[in-house]
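Just below is one structure, and these are the notes that go with it.
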Amino acid sequence: MDVSRPSSPEAPPQDLWSSILDSVSSSRSIPSKQVLLLGQPSTGKSSIASALLQKPISDEAKDDQRIDFALGYDFASVRDDADEDTLARLSVYTVPSSAPSYTALLPHFLPPRTSLPHTVVIIVLDWTQPWTFVEELQTWLQWVEKWAKGDGSREVEIVREENRERLQSHLQHYTEVSADPLPASTAALSSTLLPLGQGTLTNNSAGVPIIVACTKADLIDEATENASGATGMGGMVKGKGGEWEERTDGIMQVLRTICLKYGASLLYTTPLPATLQVLRQHALHLLFMPPAPSPGMTTEVQAPVRNIFPFAHKPNTLDRDHILVPAGWDSWGKIGVLRDGFDAKLWNEAWERDLESDSASVEPGAKKLYAALVPDQGAKPTPLPPFNNPVLEQTFLSKHYDDNAKKTDRDPRGAFKNPADMAAGIVGPLGSSSFSLPNVERALSEMESAMGPAGASNLGTGPAGRLAGRPPVGRTGSGLGTATSPTLASVRAPTSPNLGAPNSTAGQTQHEVLQNFFQSLLNTRDRTGATAAAGRTASPQANGTTGNVNGADDDHS
């Protein structure tokens with residue numbers, strides 16, 4: 001008899017405790033929902049974030065000079081009306097601006113494959129700068145389309161299709177809130193699924209729930225400056241009246257047309273808590289949007305699952321600071337009723353022309369049409385000074401070289417161009433033809449007049465006169481010789497040169513004349529000193545004659 005041994009039980013999992021915790025957490029998990037706040041700096045994103053999370057604004061957030069993070073994040077729990085059960089965990093991501101360095105961080109924290117069905121995008125616009133609405137909407141909506149595409153994998157495509165079907169079903173099943181209960185016939189008609197109207201959900205291929213929130217709506221008709229220094233619509237149109245209403249209605253019609261293309265909602269908010277609370281309720285209503293009913297075999301249309309956060313506010317297009325246009329309510333017909341003359345189809349096509357970068361159409365785009373409706377009143381940056389194109393160095397030098405060559409008085413080398421001046425060895429101001437020494441000329445004139453024929457007899461009293469009246473004494477090779485003594489002509493000072501004439505004294509230049517004059521003064525002093533020395537060496541003889549001592553000895557010998 002074969003006795004089979006019982007098989008051993010399977011080995012328990014390696015991490016039994018972790019598997020138990022995972023099973024419990026999956027059975028009682030709290031869903032996570034995300035809100036993505038997109039907007040430029042100082043548009044009121046912090047006020048909206050605090051209203052969504054129901055947290056007070058911190059003092060740092062109130063400061064206009066605060067430093068924004070590259071990606072702001074905060075979270076809070078969403079509870080039911082009785083404040084007992086936690087229904088979801090709400091996370092709010094805030095982007096400081098549309099710079100690519102900031103928006104590039106979002107796919108890492110919000111990957112489309114997992115976060116697309118649980119995310120609502122809120123685009124914040126500032127009513128103090130209404131001329132930027134269309135441009136900012138194009139920037140942000142294009143980024144949302146790019147973010148929703150993800151990596152293009154099959155899993156992302158499936159999520160995109162399911163998300164678009166859910167948004168389309170929400171738009172088709174929208175019913176306006178009414179205080180009176182609907183009759184049975186109306187309820188039967190509401191269950192009939194109607195196709196989307198013209199210009200509805202033509203874009204937004206991923207079906208992302210979008211809310212366009214225009215903040216600071218209380219400053220639409222303000223003519224005074226607000227805290228940020230910008231003015232409201234009062235700076236664009238003066239006061240209230242026909243023009244003011246026409247422009248504000250035109251802006252609202254443009255925004256509604258764009259929102260209709262993406263299946264988005266439009267809300268105006270003010271600092272009052274009531275408008276911010278409406279925005280929070282509508283965001284939760286879109287976050288908990290039920291999935292689209294699965295198509296059945298029957299032709300009957302299944303009613304969608306009830307939303308746990310119903311939205312009980314009626315649309316409002318009359319109160320300019322409480323505008324509310326929920327997704328699914330609007331249409332081209334309702335937009336045109338607001339004010340005659342608005343062509344929704346024209347703006348729809350203009351928007352598409354702006355999105356097509358390679359469009360060769362000559363028709364204006366939405367941004368150009370909007371600029372004609374709302375002129376730019378923003379502060380313009382200080383214009384840069386005109387560009388100074390410098391002249392090439394060689395061109396500059398050649399130009400001034402030619403100018404200096406034509407004007408000799410401007411050429412610094414003109415004083416050295418005369419070879420005679422260079423030969424004289426005089427450099428500097430002596431080369432000028434206007435050089436004169438009045439004191440020297442006066443002294444030379446006095447000396448010349450004193451040494452003239454009338455004053456020749458006076459030379460006897462001086463050393464020159466004594467030398468001139470005595471016979472010359474000198475030594476020759478053989479004995480007493482004759483030596484030429486300095487005469488009156490040699491002692492007399494040279495004639496003062498005519499410094500005013502450029503070529504004086506037999507063709508000599510004034511430099512040579514001046515040089516000869518000073519040289520003659522030096523020679524005269526040397527000759528005078530030599531004569532005096534010779535007179536002192538001569539000894540007087542007994543007979544009163546003066547002679548050379550050595551010579552007398554020679555004669556006697």
Side-chain angles (χ1 to χ4, degrees), residues 25-38 48-55 73-93 110-123 144 148 158-177 190-191 193 201 204 206-213 259 262-267 269 275-294 302-315 324-329:
S25 62
S26 61
S27 61
R28 301 185 58 184
S29 60
I30 299 175
S32 298
K33 303 293 182 179
Q34 296 90 23
V35 174
L36 182 56
L37 278 176
L38 305 177
I48 294 178
S50 63
L52 293 173
L53 300 173
Q54 292 186 335
K55 293 182 178 181
Y73 173 77
D74 201 352
F75 69 95
S77 298
V78 179
R79 300 181 180 274
D80 56 4
D81 296 337
D83 201 12
E84 294 180 356
D85 297 334
T86 301
L87 302 180
R89 177 178 176 178
L90 181 62
S91 300
V92 177
Y93 295 86
L110 294 173
R113 187 175 64 85
T114 58
S115 60
L116 195 57
H118 311 287
T119 304
V120 166
V121 175
I122 299 179
I123 300 177
V144 171
I158 294 175
V159 173
R160 285 163 53 89
E161 292 176 2
E162 294 177 353
N163 214 44
R164 182 178 175 85
E165 291 176 358
R166 185 183 64 160
L167 180 60
Q168 181 175 345
S169 175
H170 174 77
L171 298 179
Q172 290 176 330
H173 289 90
Y174 176 83
T175 55
E176 187 173 347
V177 179
S190 62
S191 63
L193 193 62
L201 200 60
N204 194 6
V208 181
I210 301 174
I211 300 175
V212 177
C259 290
Y262 290 83
S265 303
L266 177 64
L267 281 84
T269 64
T275 57
L276 296 174
Q277 187 65 20
V278 172
L279 176 61
R280 179 179 183 272
Q281 293 177 6
H282 190 60
L284 293 177
H285 178 71
L286 296 179
L287 282 173
F288 289 90
M289 186 189 308
S294 59
Q302 300 178 4
V305 182
R306 180 180 176 273
N307 194 324
I308 62 175
F309 281 98
F311 188 66
H313 294 275
K314 294 182 180 181
L324 172 59
V325 183
W329 175 82

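The first residue of the sequence shown is numbered 1, and numbering continues consecutively from there. In this text, all values refer to a predicted model and were calculated from it rather than measured experimentally.
Listed by chain and number, the residues in a side chain to side chain contact (heavy atoms under 4.5 Å, CB included) with P310 are R306 (sequence neighbours excluded). Among residues two or more places apart in sequence or in another chain, the side-chain hydrogen bond (donor to acceptor under 3.5 Å, both in side chains) test is passed with H285 by N307. Under the rule for a side-chain hydrogen bond (donor to acceptor under 3.5 Å, both in side chains), the partners of T275 that lie at least two apart in sequence or sit in another chain are T270. P315 pairs by the side chain to side chain contact (heavy atoms under 4.5 Å, CB included) definition with Y174, E176, P326, W329, not counting sequence neighbours. Remark: H313 pairs with F311 by the ring-ring contact (aromatic ring centres under 6.0 Å, His included) rule, at least two apart or across chains. Listed by chain and number, the residues in a side chain to side chain contact (heavy atoms under 4.5 Å, CB included) with P112 are W147 (sequence neighbours excluded). With sequence neighbours left out, R160 forms a salt bridge (Lys or Arg N to Asp or Glu O under 4.0 Å) with E157. For Y73, the side-chain hydrogen bond (donor to acceptor under 3.5 Å, both in side chains) partners are S91, not counting sequence neighbours. The side-chain hydrogen bond (donor to acceptor under 3.5 Å, both in side chains) check on Q34 picks up T119, with sequence neighbours excluded. Evaluation of the salt bridge (Lys or Arg N to Asp or Glu O under 4.0 Å) rule for R79 yields D83 as partners, not counting sequence neighbours. A search for side chain to side chain contact (heavy atoms under 4.5 Å, CB included) contacts involving E165 returns A292, not counting sequence neighbours.
The closest side-chain heavy-atom distance from H170 to L286 is below 4.5 Å. In this structure, P117 and V159 have side chains that are in contact, with non-hydrogen atoms separated by less than 4.5 Å. A heavy-atom distance below 4.5 Å is found between the side chains of L201 and R164.
Rounding to the nearest 0.5 Å places CG of L52 at 9.5 Å from CD of Q277. Between atom NE2 of residue H282 and atom CG of residue L266 there is a gap of 10.0 Å, rounded to the nearest 0.5 Å. Between atom NZ of residue K55 and atom OG of residue S50 there is a gap of 10.5 Å, rounded to the nearest 0.5 Å. Rounding to the nearest 0.5 Å places CG of L167 at 10.0 Å from CD of Q172. Atom CG of L90 and atom CD of Q54 lie 9.5 Å apart (nearest 0.5 Å).
Nearest heavy-atom pair, V78 versus F309, reported as atom, atom and distance to 0.1 Å: CG1-CZ, 3.5 Å. Shortest non-hydrogen contact noted between L171 and G328 is CD2-N, 3.3 Å. Nearest heavy-atom pair across N204 and Y262 is ND2-O, 3.0 Å. Between I122 and A213 the shortest heavy-atom distance is CG2-CB, 4.1 Å. For the pair L279 and L267, the tightest heavy-atom approach, listed with the atom from each and the gap, is CA-CD2, 3.8 Å. Listed here is the closest heavy atom pair of T86 and S77: CG2-CB, 3.9 Å.
Put simply, the residue from I211, L37, V35 that forms a side chain to side chain contact (heavy atoms under 4.5 Å, CB included) with I48 is L37.
A distance-only check finds a donor-acceptor pair linking the side chain of N163 to the backbone of G207 [under 3.5 Å].
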